[in-house]
Amino acid sequence: MATQTWLEVALNGPWGRDMQPGIPVRVADIVEQGIACANEGAAIVHVHSYDEASGMQHDDADLYARIIEGIRARVDCIVYPTIPFGGEHTAQSRFAAIEALAQRGLLEWAVVDPGSVNIDEYVYANPHDHIQHGLALAARHRFHPGYAIYEPGFLRMGAALARAAAVPQPIYRFMFSDDYTFGFPPAEYALEAYLRLLADEAPGAPWMVAGLAVDILPLAGAAAARGGHVRVGLEDAPLGSTRTNLEWVREARRAIEGAGRELASADEVRRALDAY
């Protein structure tokens with residue numbers, strides 16, 4: 001069991017301001033909020049980059065580099081980007097920004113989601129060749145795959161593919177939702193089900209609670225007490241959230257410390273992952 005709790009903040013996501021008005025879009029605003037959240041205890045910062053004129057997600061390696069380097073210039077934290085939603089992308093085009101950032105030595109973690117799922121009227125598609133390509137990059141460049149576990153089968157598939165690809169230790173992020181109908185609601189029975197499956201498929205692997213359109217705070221203390229980790233932020237929060245990213249981080253910190261746990265620094269997260 002982990003002795004410290006990792007706190008991650010997901011600053012924005014794919015929503016756009018019509019659905020989540022408080023998200024940062026400009027590089028300067030993303031950097032500013034990332035620094036503020038890191039100073040409050042978030043060792044890990046997850047970001048999406050945008051075309052600032054349109055406010056639409058734009059997965060560009062140079063934009064991501066400006067964000068990563070801008071945050072790291074002021075605080076020590078793990079900063080990692082997303083991948084495009086899917087659509088018409090090939091595996092190579094979808095992971096092009098990830099590969100470019102890895103070649104520049106800027107990646108410690110990256111999104112590689114091991115499965116596809118219906119989210120409302122959308123299909124979040126991760127074809128097998130996309131997953132394999134992402135894991136091949138992780139193996140080559142030695143970054144950690146961040147697995148979003150929307151359904152139990154994602155966990156089983158991700159564990160099997162990680163073993164086959166010999167990647168650095170993945171992080172299993174259990175995805176809950178209040179407003180969408182994928183996977184489980186944020187309930188302790190659901191956490192228990194995921195933990196029992198993880199013990200069978202990837203014993204001892206690091207895990208965290210998170211989700212989409214969810215208030216994960218009621219599970220944060222239970223997760224921390226059981227040796228897990230926590231992600232909050234406006235990507236994951238109920239749509240139309242009136243809390244800021246910094247407020248989500250502060251509330252998560254209170255829940256974690258209320259469970260008798262200490263927050264890990266970025267360097268402590270790195271050392272823990274190196275021990276796997």
Side-chain angles (χ1 to χ4, degrees), residues 1-10 37-38 40-46 76-78 80 108-109 111-114 143-160 162-163 167-177 183-212 214-233 236 248-276:
M1 180 180 289
T3 58
Q4 295 174 308
T5 301
W6 311 349
L7 179 55
E8 176 177 341
V9 60
C37 289
E40 189 61 29
I44 306 147
V45 177
H46 174 59
D76 180 28
C77 65
I78 295 161
Y80 75 102
E108 297 180 80
W109 295 18
V111 170
V112 186
D113 290 341
F143 60 77
H144 293 276
Y147 281 170
I149 307 299
Y150 286 91
E151 303 282 0
F154 281 38
L155 195 161
R156 299 175 71 192
M157 175 70 78
R163 288 191 294 268
V167 296
Q169 175 63 55
I171 299 91
Y172 292 78
R173 180 166 25 93
F174 304 144
M175 301 291 285
F176 301 97
S177 187
F184 289 112
E188 289 201 37
Y189 79 83
L191 177 58
E192 175 64 26
Y194 271 134
L195 291 179
R196 291 183 67 175
L197 184 59
L198 186 71
D200 287 341
E201 301 293 336
W207 57 275
M208 61 173 53
V209 295
L212 293 180
V214 69
D215 181 355
I216 206 66
L217 292 174
L219 269 185
R226 298 190 65 160
H229 310 292
V230 179
R231 181 171 112 161
V232 293
D236 297 0
W248 279 104
V249 167
R250 285 174 175 159
E251 290 298 323
R253 179 173 193 157
R254 289 190 189 102
I256 291 164
E257 292 176 345
R261 311 289 288 185
E262 295 180 355
L263 292 181
S265 69
D267 196 50
E268 286 165 337
V269 174
R270 294 182 189 107
R271 292 203 303 269
L273 281 169
D274 286 345
Y276 281 96

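Residues: numbered from 1 along the sequence shown. This is a predicted model, so every value here is computed, not measured.
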*Considering all heavy atoms, the nearest Ala224-Arg261 contact*: O-NE, 3.0 Å
*Compare every heavy atom of Ala210 with every heavy atom of Asp236, then report the nearest pair and how far apart it is.*
OD2-CB, 3.6 Å
_Trace of the salt bridge (charged side-chain N to carboxylate O under 4.0 Å, His left out) decision for Arg270 with Asp274_ = CA-CA 6 Å; Arg270 294 182 189 107; Asp274 286 345; over 6 Å; no
_Spatial distance of atom CD (Glu8) from atom CZ (Arg231) [nearest 0.5 Å]_ = 5.0 Å
*asked:* Tell me the closest heavy-atom pair linking Ala43 and Val269, and the distance in Å.
replied: CB-CG2, 4.0 Å
*Would you check if the side chain of Ser177 reaches a backbone N or O of Leu212 as a donor-acceptor pair within less than 3.5 Å?*
yes
*asked:* Before you tell me yes or no, could you show the steps for Arg254 and Leu217 under side-chain contact (heavy atoms from CB on, under 4.5 Å), namely the whole-Å CA-CA distance, both residues' side-chain angles and the distance that decides it to 0.1 Å?
replied: CA-CA 10 Å; Arg254 289 190 189 102; Leu217 292 174; over 6 Å; no
*Any chance you could measure Arg253, atom CZ, to Thr5, atom OG1, to the nearest 0.5 Å?*
11.5 Å
*Might you point out which heavy atoms bring Ala272 and Trp6 nearest each other, and give the distance in Å?*
CB-CZ2, 3.9 Å
_Treating Asp113 as the side-chain partner and Ala148 as the backbone partner, does any N or O pair qualify as donor plus acceptor under 3.5 Å?_
yes
*asked:* How long is the straight-line distance from CH2 of Trp207 back to CD1 of Ile149, given to the nearest 0.5 Å?
replied: 13.0 Å
*Quick one: pull up CZ in Phe174 and OH in Tyr150 and give me the separation to the nearest 0.5 Å.*
14.5 Å
*Taking atom OG of Ser265 and atom CG of Leu7, what is their separation to the nearest 0.5 Å?*
12.5 Å
*So do Tyr194 and Pro152 actually touch side chain to side chain, heavy atoms under 4.5 Å?*
yes
*Considering all heavy atoms, the nearest Val232-Ala252 contact*: CG1-CB, 3.9 Å
*Show your reasoning for whether side-chain contact (heavy atoms from CB on, under 4.5 Å) applies to Glu251 and Trp248.*
CA-CA 5 Å; Glu251 290 298 323; Trp248 279 104; 5.5 Å; no
*Show your reasoning for whether side-chain contact (heavy atoms from CB on, under 4.5 Å) applies to Trp109 and Leu273.*
CA-CA 11 Å; Trp109 295 18; Leu273 281 169; 3.6 Å; yes
*Determine the sole option in Val45, Ile44, Val230 for which the side chain to side chain contact (heavy atoms under 4.5 Å, CB included) test with Val9 is passed.*
Val45
*Work out which heavy atom in Ala162 is nearest to a heavy atom in Pro170; give both atom names and the distance.*
CB-CG, 3.7 Å
*Check the pair Arg226 / Glu192 against salt bridge (charged side-chain N to carboxylate O under 4.0 Å, His left out), numbers first and verdict last.*
CA-CA 10 Å; Arg226 298 190 65 160; Glu192 175 64 26; 2.8 Å; yes
*May I ask you to check whether Phe176 and Phe184 place their ring centers less than 6.0 Å from one another?*
no
*Nearest-0.5 Å distance, OH of residue Tyr147 to NE2 of residue His144*: 12.5 Å
